[in-house]
Amino acid sequence: MAKTTKTEQEEPLEKKLWKAADKLRKNMDAAEYKHVVLGLIFLKYISDAFEELYQQLLSQKSEGADPEDKNEYLAEKVFFVPATARWTYIQGRATLPTIGKDIDDAMDAIEKDNASLKGVLPKVFAQEKLDKSSLGGLINLIGTATLGTKEAQSKDLLGKVYEYFLGEFALAEGKKGGQFYTPSSVVKLLVEVIEPYEGRVFDPCCGSGGMFVQSEKFILSHQDHYKDKNSNSLQLNPADRISIYGQESNQTTWRLAKMNLAIRGIDGSNIKWNNEGSFLNDAHKDLKADFIIANPPFNDSDWSGNLLQNDSRWKYGIPPVSNANFAWVQHMLFHLAPTGRAGIVLSNGSLSSNTSNEGKIRQEFIENNLVECIISLPDKLFYSTQIPACLWFISKAKKRDEILLIDARKLGKLTGKKLRTFSDENINYLKDIFKKWESKEGYEDISGFCKSVSLSEIKDNDFSLIPGNYVGVAEIEFNEDELNIELEEVKNTLPALTSSSNSTAVEINALIQKFSSFGKLEHKEYKLGDFLTLKGGGAIKGTEFTTEGYPVIKIKNVKANKLVLDTLDYISEENAIKYKDYKIEYNDLLITMTGNRFEGGMDSWVGKVSLFRESEDYFLNQRVGILRLKKGQQTASLNYISFLLSTEYMQEYFVKIARGSGGQSNLSPDQILGIVVKLPSLEIQEMFSSIVEVYYNKIEIENQIQNLIFKGCSALFQKSMI
């Protein structure tokens, strides 16, 4: 297939492992397969760490070391792995039909010997729908990676693999995946702004623990801070700088969090689970946290607010039963220490909503000078929702009587069709603006981007915190050197294109004159099936679509004698192999086999036809067919047939013969191939086709000329503004 990919040697370990592991998934949903893969990765990690220390203790046996003593491992903060749970034992049984039960037993044995892992590890490997040959292949695959040795830990190999896999599974699960995972670039921005150098870090809806992991990464990357304050501080383990507290109502997600922390050596003993959740059963009632970082569910209407109307946490107003946004904020304020700071992801509705007491609560936050900064986020940042989102930064020790409002909706870069991410440059830029504003050193408002707004101005705007209402419109800046390069390109390219366009016009005119010289033509009747074959598209499931990969043509892409390719679905490389028989070839004639009955015009009817003239690999979904000329036939030209079938008469005829009820109609292959048409000789058809080919060529050239001239006009206009 004509698809350019990086060689395997160029890819990071985490990407290579993901591609290979995903191919072994077969009929399992990502939500289930996630626990299989992450559980095995965790097992490989702790087994690697155990084996390295085991060999060291074995070499010191003459000095009294005991490689089978659990306490030896506890002292080094290494999990003890029983003999039947060690990777060498498991991999040695990878091809046995009992391998699923062997792994479940191994997980049980590890939990019994390591109290901190009790009830955490997945026991999902013996289930019938998990193909045991695929499981064995997955074990051998993961066995190729060294994850838990000190050298691997120093490179954070496992952390990279685990975090990458969490993100990919969240993407594969779509909306449900977002419940356990907040994209790392959003988490990093939150952490960089609130700076959790030392103290208690709390997340009351912690998902898979990404906020805590990023807090530790922050500490590791800011060693100079500790060196400046106290050189002895460098001797402390960075993980000991902070203590973490969390709560999660989904037990499966809680297990992911516990494993996510364990692989990084972070104490997860204060990560609590109960199915009632933080509102009804607060697991940390007396906690006063120095830092709170959270991404609570957006606009949650099922939070039992009707049972908590008189709760002491509602200091700033009773939150509406229909929306938990400000219940979460007040829950976090209740747990925030007097000098604490919080960074919270909320839906944009929290910035301006005045329904059900929300406006009054937001007013109380503002008048009590708790809100430091609001950042409007760009779209497509989250796996779980397309709801516009923002970041709230709140402090009980705020130093200014203003609020910094930042409109960051134009930042970030698309990494696929549906997902955007912040670069490190974006994150550092936003953090630096906040720090300059906070310190009152070097900060300046940036038109169209950020503004420090007084509380009185916000009051005059009904306590709305939408940054776009305050920051104004950015001034346009033009780069004269870049504009000159663009204009030079236009001057150098336009003459050749114009000459080509003129040549095609002359060629078309000559062909038309030749064609016009024929008198009345004879026609013969044929059935389409005499010279055409019809093949339907593949039954590609909605769950198999991805955000990038190989594009898929569906009914919505086929219009009357044209293809619309601005909105596409995609399938993975694995599924491209699975559906290889439905790959579309250049010059295939596509026909829709389902549509409306005359409603919406020809573009919505059944029987729309379009010639496929793309050079990339595309695949065809069901209810669209491919019409191809039979090999060796001497009856028809496909260009001619394309025009014939797209005439208004034929389009209405398709609708007339289609079957169905109500507003929908369907065409069967037999109906299509049984249609009788009158055709002139093949010589006449091919002469017509030659005109069509030149016509298509001229259209392409004219489009290039149009785009080039517009580019030149735009550059000249911008230059006139400098």
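Since we're looking at a predicted model, the values are computed, not measured.
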**OP:** Hey, can you tell me if Tyr45 and Phe42 have their rings parallel, tilted or perpendicular (30° and 60° cut-offs)?
**Re:** tilted
Original post:
Charged N to carboxylate O below 4.0 Å: is that the case for Asp108 and Lys112?
Top reply: no
Original post:
Looking at residues at least two apart in the chain, or sitting in another chain, which of them share a side-chain contact (heavy atoms from CB on, under 4.5 Å) with Trp303?
Top reply: Phe279, Asp300, Leu308, Trp314, Pro319, Ala324, Ala327
**OP:** Indicate the ring-plane relationship of His284 and Phe202, choosing parallel, tilted or perpendicular according to the 30° and 60° boundaries.
**Re:** perpendicular
Subject >> Salt-bridge criterion met for Glu111 and Lys123 (N-O under 4.0 Å) >> reply: yes
**OP:** Apply ring pair (Phe, Tyr, Trp, His ring centres under 6.0 Å) to Phe326 and list each qualifying residue two or more places apart in sequence or on a separate chain.
**Re:** Phe365, Trp392
Original post:
Do the two ring centres, one from Phe50 and one from Phe79, sit under 6.0 Å apart?
Top reply: no
Original post:
If you draw the axis of the six-membered ring of Phe463, does the NZ or CZ of Lys360 fall within 45° of it and under 6.0 Å from the ring centre?
Top reply: no
Subject >> All side-chain hydrogen bond (donor to acceptor under 3.5 Å, both in side chains) counterparts of Asp286, not counting sequence neighbours >> reply: none
Subject >> Salt-bridge present (Arg362, Glu358; N to O < 4.0 Å) >> reply: no
**OP:** Would you mind checking if Lys188 and Asp424 are paired as a salt bridge, meaning a charged N to carboxylate O distance below 4.0 Å?
**Re:** yes
Subject >> Pair Ser464-Ser352, side-chain donor/acceptor within less than 3.5 Å >> reply: no
Original post:
Between Ser423 and Asn426, is any side-chain donor less than 3.5 angstrom from a side-chain acceptor?
Top reply: yes
